[in-house]
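Written out below as structure tokens is the structure these notes cover.
Each ligand, and each atom within it, is numbered from 1 in the order the structure gives.
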Amino acid sequence: MNAVATETCVPTADPTAMLNAFVSHIENDHDVALETDETGARYIENAGFRITLAATDAGLRIHLAGPNPNMMVFFKDAIAQHVAEFDEAIAKSLRWTGETSVTGDLPDNFRILTLKRKSSPMPGLVRATVTVEDETMFETDGLHLRLMLPANPGREPIWPSMGANGAPVWPQGEDSLHARYITIRHARPDDRELDLDVVSHGEGLISGWASGAEIGTEIGAMGPVGETVLPEAMDYLLIADQTGLPAVARFLETVSQDATGQVICEADGDLKAYLPETKFSVTAVPSVDFSRDMRAHVAQVLRPGTTGYALFLGEFQDAQALRKTFKGDLGLGKGQQISAAYWRRGEAGFEA
Ligand SMILES: Cc1cc2nc3c(=O)[nH]c(=O)nc-3n(C[C@H](O)[C@H](O)[C@H](O)COP(=O)(O)OP(=O)(O)OC[C@H]3O[C@@H](n4cnc5c(N)ncnc54)[C@H](O)[C@@H]3O)c2cc1C
């Protein structure tokens with residue numbers, strides 16, 4: 001796939017205020033530090049992607065560059081949503097240079113997945129193996145898919161379509177979609193298959209789809225998206241509840257053979273068998289009181305000065321607590337730790 005670069009300018013009377021709001025959102029909510037280039041523009045660079053923000057006389061200039069176009073739909077969607085918080089009309093009026101998507105078409109990174117079979121890789125997880133006709137899905141390496149179903153079960157799906165501002169237009173009202181992220185545990189391009197390991201948490205359309213849908217049922221998906229490789233370190237601390245378990249397994253597939261560390265994950269079955277073989281120590285914390293037991297266990301095994309990178313993936317309150325531990329007790333800064341909320345107890349539709 002070809003490298004892409006595109007740019008827009010958000011017309012605003014106070015570009016510096018908008019720049020500061022973007023920077024503050026990215027740094028505080030996503031815990032990612034922005035650099036400053038020689039012109040004073042702010043940028044983030046990760047996995048070959050670069051987002052640059054600059055306050056100019058004409059407004060806030062936003063430049064996106066990356067190795068493939070797949071992520072661009074997500075970036076443009078997020079940017080349109082943030083601009084809409086300032087002014088909806090301006091968000092709709094955004095135009096990107098070199099835009100190739102056709103207004104009204106399905107987003108380039110949208111595909112239909114068909115449920116092929118189900119299995120249980122671990123008590124509490126359903127493995128939904130899906131097939132995808134479109135082989136271009138496998139051209140981009142990415143960790144997650146945004147799965148979507150009609151929010152009104154049984155209704156004929158109306159999928160998102162591209163807006164002239166480069167961002168998807170999501171159907172509203174009766175036709176609105178229920179969209180949630182799920183990690184791709186395995187991809188088998190030759191068979192055009194993906195394994196999605198979904199927690200059976202008893203509520204929720206996506207969880208219900210994985211547990212209850214009949215073979216042959218279709219689901220919409222945008223992606224893949226998300227970094228598949230952890231920043232380099234010699235010693236890691238990786239913690240997750242069951243929602244983050246597939247991502248931890250993916251990350252462990254890519255760490256160097258010499259890397260060491262600790263994995264502490266929610267599991268009611270054979271965690272070692274679920275994860276790829278590494279030199280990491282592996283601790284399974286049962287679901288029954290994961291939050292309490294995980295935090296107690298983590299407090300016992302902290303290695304300040306040794307742990308070079310720490311990660312938590314799971315429930316919002318746990319993510320808040322672990323972020324404090326990583327920054328405070330382990331003394332890790334931005335880029336050396338991430339604590340991401342994958343869901344929030346009692347709140348449907350939460351997206352970090
Ligand atoms: C980047 C990313 C990757 C993710 N990867 C995975 C993955 O691989 N597998 C996976 O199962 N989840 C994963 N998640 C989490 C998943 O998106 C959420 O759990 C989502 O809420 C599930 O949607 P739903 O339709 O089943 O439930 P929703 O409609 O969103 O929620 C309904 C109710 O269920 C509760 N709920 C949601 N999730 C859980 C849970 N795990 N346990 C208990 N209660 C819950 C909510 O608080 C709410 O009260 C990921 C999230 C992100 C952001």
Which of the numbered atoms in ligand 1 are below 4.0 angstrom from a heavy atom of [X]?
| X | result |
| --- | --- |
| Arg344 | 46 (C), 47 (O) |
| Gly346 | 47 (O), 49 (O) |
| Ser207 | 26 (O) |
| His144 | 1 (C), 3 (C) |

Check the orientation of His82 and His25. Use parallel for under 30°, tilted for 30 to 60°, and perpendicular for over 60°.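 Rings of His82 and His25: tilted, as their planes differ by 30° to 60°.
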Assign the ring pair Phe49 / Phe75 to parallel, tilted or perpendicular, where the plane angle (0 to 90°) is split at 30° and 60°.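 Aromatic pair Phe49/Phe75 classed perpendicular.
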For ligand 1, is there an N or O atom under 3.5 Å from any N or O atom of [X]?
| X | result |
| --- | --- |
| Val198 | no |
| Val199 | yes |
| Gly208 | no |
| His178 | yes |
| Ala348 | no |

If you measure from each non-hydrogen atom of [X] to ligand 1, which part falls under 4.0 Å: side chain, backbone, both or neither?
| X | answer |
| --- | --- |
| Tyr181 | both |
| Glu315 | neither |
| Arg345 | backbone |
| Asp197 | backbone |

Looking at the rings of Phe251 and Tyr236, which for Trp means the six-membered one, are their centres under 6.0 Å apart?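 No, the ring centres sit 6.0 Å or more apart.
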Looking at the rings of Phe316 and Trp343, which for Trp means the six-membered one, are their centres under 6.0 Å apart?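 No: the rings miss the under 6.0 Å criterion.
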Criterion salt bridge (charged side-chain N to carboxylate O under 4.0 Å, His left out) on Arg250 and Asp141, from CA distance to verdict: CA-CA 12 Å; Arg250 289 282 305 272; Asp141 197 18; 3.8 Å; yes
Side chains of Glu218 and Leu113, heavy atoms from C-beta outward: is any pair under 4.5 Å?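 Glu218 does not reach Leu113 side chain to side chain.
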Within a strict 4.5 Å, meaning less than it, do heavy atoms of the Val126 and Asp197 side chains meet?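 With C-beta onward as the side chain, the pair stays apart.
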So does Lys76 pair up with Glu99, basic N to acidic O under 4.0 Å?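 Salt bridge present between Lys76 and Glu99.
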With Phe290, which residues qualify under ring pair (Phe, Tyr, Trp, His ring centres under 6.0 Å), at least two apart?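 Result, ring pair (Phe, Tyr, Trp, His ring centres under 6.0 Å) vs Phe290: none returned.
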